[in-house]
Amino acid sequence: MRTIILTITFIFSLTNIFGQTDEAKLKISQLTGDFYIYTTYNTYEGSQIPANGMYLLTNNGVVLFDTPWDTTQFQPLIDSIKLRHNKSVTTCIATHWHSDRTEGLEYYKQQGINTYTTFLTDELSKKNNKKRAQFLMTKDTIFNVGQYSFEIYYPGEGHTADNIIVWFSKEKIIYGGCLIKGADAENLGYLGDGNVLEYKTTLEKVQKKCPDPKFIIVSHHDWNNINSLKHSIKLAKKLKIKNS
Ligand SMILES: [Zn+2]
């Protein structure tokens, strides 16, 4: 009993020393079946922004979609996955060149994880001094990992010139990355590297490619609303009119 009290006191004082309210730096929640969403955070223009990624458990290792944005969470993420599921991450695919997707690529490569981006993403990462993957895809690619199959699809320019999405046609899941914004988003976010005229067409290609999705995973908003893609198309339409 005494040890327990001491331990509690110790944890309590540690919290005080670091002066934190113990906001979790890494959140993991199950999406459906073997699909999990993980979230890390970073400060952008003075506010705390969440960045969602995903991982998929297969009987041939775990596939990570994008890397944590928070550089302190690369190892905690793979440790948490190991602890929770007793499986190791074997593959990591980043969906465009920005840091919130690619920051952990070189770290994971050093851990023996096979890292992938498209050739175009690699060109832009090189040009912008971002972390780069080991393996490059020159065209839309179907991955077969364990019992799962999914497709990398490049719909055209939008959030960036290289943004790809991942389509799980059997499970009807769109992993949209930063291309798709949440159903409540007020705008399409940072467009400094984007294509304001093509954005709408690009999103419509996603809609055509991925009929009747059950889940649409977005980077910086709640993913529990299936209207995110439709809403993003509306925003992109306005954007196009404004810039034409
Ligand atoms: Zn982003």
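Proximity of Ser232 to Leu188: side-chain heavy atoms (C-beta onward) are separated by under 4.5 Å at one or more points. In this structure, the side chains of Thr118 and Leu136 stay at 4.5 Å or more apart for every pair of heavy atoms. Between Val62 and His85 there is no side-chain heavy-atom pair separated by less than 4.5 Å. Counting heavy atoms from C-beta outward, Ile81 and Asp79 have side chains that stay 4.5 Å or more apart. Residues Ile174 and Ile180 are in side-chain contact: their nearest non-hydrogen atoms beyond the backbone lie under 4.5 Å apart. Residues Glu198 and Lys240 are not in side-chain contact: their nearest non-hydrogen atoms beyond the backbone lie 4.5 Å or more apart. Here the side chains of Val89 and Thr91 are not in contact, with every heavy-atom distance at 4.5 Å or above. At a threshold of 4.5 Å between non-hydrogen side-chain atoms, the residues Val63 and Leu57 do not count as touching.
Under the 3.5 Å distance criterion, the side-chain polar atoms of Thr160 are left unmatched by any main-chain donor or acceptor of Gly158. A donor-acceptor contact shorter than 3.5 Å is absent between the side chain of Asn128 and the backbone of Lys130. Looking at Gln30, its side chain does come within 3.5 Å of a backbone N or O of Gly33 through a donor-acceptor pair. Here the side chain of Asn52 pairs a donor or acceptor atom with the backbone of Val218 at under 3.5 angstrom. Asp162 places a side-chain N or O within 3.5 Å of a backbone atom of Trp97 that can act as its donor or acceptor partner. No donor-acceptor pair under 3.5 Å is formed between the side chain of Lys27 and the backbone N or O of Ala24.
Ser80 meets the side-chain contact (heavy atoms from CB on, under 4.5 Å) test with Leu26, Ile28; sequence neighbours excluded. Evaluation of the salt bridge (Lys or Arg N to Asp or Glu O under 4.0 Å) rule for Lys87 yields no partner, not counting sequence neighbours. Lys131 pairs by the salt bridge (Lys or Arg N to Asp or Glu O under 4.0 Å) definition with Glu103, not counting sequence neighbours.
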Please output the side-chain donor-acceptor pairs of residues 205-213 that fall under 3.5 Å, not counting sequence neighbours, one pair per line with the distance.
{"unit_1": "Lys205", "atom_1": "NZ", "unit_2": "Pro155", "atom_2": "O", "d": "3.4"}
{"unit_1": "Lys209", "atom_1": "NZ", "unit_2": "Glu151", "atom_2": "OE1", "d": "3.2"}
{"unit_1": "Lys209", "atom_1": "NZ", "unit_2": "Glu151", "atom_2": "OE2", "d": "2.9"}

Exercise for the section: For the pair Asn60 and Thr58, evaluate side-chain hydrogen bond (donor to acceptor under 3.5 Å, both in side chains) and give the outcome as yes or no after the intermediate values. Expected result: CA-CA 5 Å; Asn60 198 12; Thr58 83; 5.9 Å; no
Exercise for the section: Check the pair Glu106 / Arg132 against side-chain contact (heavy atoms from CB on, under 4.5 Å), numbers first and verdict last. Expected result: CA-CA 6 Å; Glu106 284 172 18; Arg132 297 166 64 191; 4.0 Å; yes
Practice task
Could you please spell out the steps behind the side-chain contact (heavy atoms from CB on, under 4.5 Å) verdict for Asn42 and Ile49?
Solution key: CA-CA 5 Å; Asn42 218 325; Ile49 311 284; 5.8 Å; no
Exercise for the section: Go through the steps for Asn163 and Thr95 under the test side-chain contact (heavy atoms from CB on, under 4.5 Å), then give the verdict. Expected result: CA-CA 6 Å; Asn163 45 210; Thr95 56; over 6 Å; no
Practice task
Dump the intermediate steps for side-chain contact (heavy atoms from CB on, under 4.5 Å) on Glu123 and Lys126, then the final yes or no.
Solution key: CA-CA 5 Å; Glu123 294 272 282; Lys126 191 161 61 179; 3.9 Å; yes
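One distance of note links CZ of Arg101 with OG1 of Thr121; it measures 12.0 Å at 0.5 Å rounding. To the nearest 0.5 Å, the span separating OH on Tyr55 from CG on Leu77 amounts to 7.5 Å. For the atom pair CE of Met137 and OG1 of Thr117, the computed distance is 6.0 Å after rounding to the nearest 0.5 Å. Taking NZ of Lys82 as the reference point, atom CG of Asn86 lies at 5.0 Å (rounded to 0.5 Å). Atom OG1 in Thr40 sits 10.0 Å away from atom CG in Asp66 (nearest 0.5 Å). To the nearest 0.5 angstrom, Ile216 atom CD1 is 8.0 Å from Asn227 atom CG.
Of all the heavy atoms in Ala236 and Leu203, the pair that sits closest is CB-CD1, 4.0 Å. Glu157 and Asn195 make their closest contact through OE1-ND2, 2.9 Å (heavy atoms, listed as atom of the first residue, atom of the second, distance). Across Val166 and Ile152, no two heavy atoms sit closer than the pair CG2-CD1, 4.0 Å. In terms of heavy atoms, Ala94 sits closest to Thr102 at CB-CG2, 3.9 Å. The shortest heavy-atom contact between Gly177 and Ser219 is C-OG, 2.9 Å. The minimum heavy-atom distance linking Leu197 with Ser244 is given by the pair CD2-OG, 4.0 Å.
Note on Tyr190 and Ile164: separate hydrophobic clusters, where clusters join Ile, Leu, Val, Met, Phe, Trp and Tyr whose side-chain heavy atoms are under 4.5 Å apart, directly or indirectly. When the side chains of ILVMFWY residues are joined at heavy-atom separations under 4.5 Å, either directly or via intervening members, Ile113 and Val145 end up in two distinct hydrophobic clusters. By the rule that hydrophobic residues join a cluster once side-chain heavy atoms approach within less than 4.5 Å of another member, Tyr116 and Tyr107 end up as members of separate clusters. Residues Leu105 and Tyr108 do not share a hydrophobic cluster, clusters being chains of Ile/Leu/Val/Met/Phe/Trp/Tyr side chains in contact below 4.5 Å. Under the 4.5 Å side-chain heavy-atom criterion for ILVMFWY residues, no single connected hydrophobic cluster contains both Tyr38 and Ile217.
Remark: Phe119 CZ is loosely packed, at most 12 non-hydrogen atoms of other residues, nucleotides or ligands lying under 6.0 Å away. With a 6.0 Å radius and a threshold of 12 heavy atoms from other residues, nucleotides or ligands, Gln147 has its CD atom above the threshold.
Judged as a ring-ring contact (aromatic ring centres under 6.0 Å, His included), the pairs with a partner in residues 146-176 (not counting sequence neighbours) are, in order, Phe35-Tyr148, Phe35-Phe168, Phe65-Phe150, Phe65-Phe168, Phe65-Tyr175, His96-His159, His98-His159, Phe143-Phe150, Phe150-Phe168. Listed by first and then second residue, the ring-ring contact (aromatic ring centres under 6.0 Å, His included) pairs that reach into residues 203-244 are Trp69-His220, sequence neighbours excluded.
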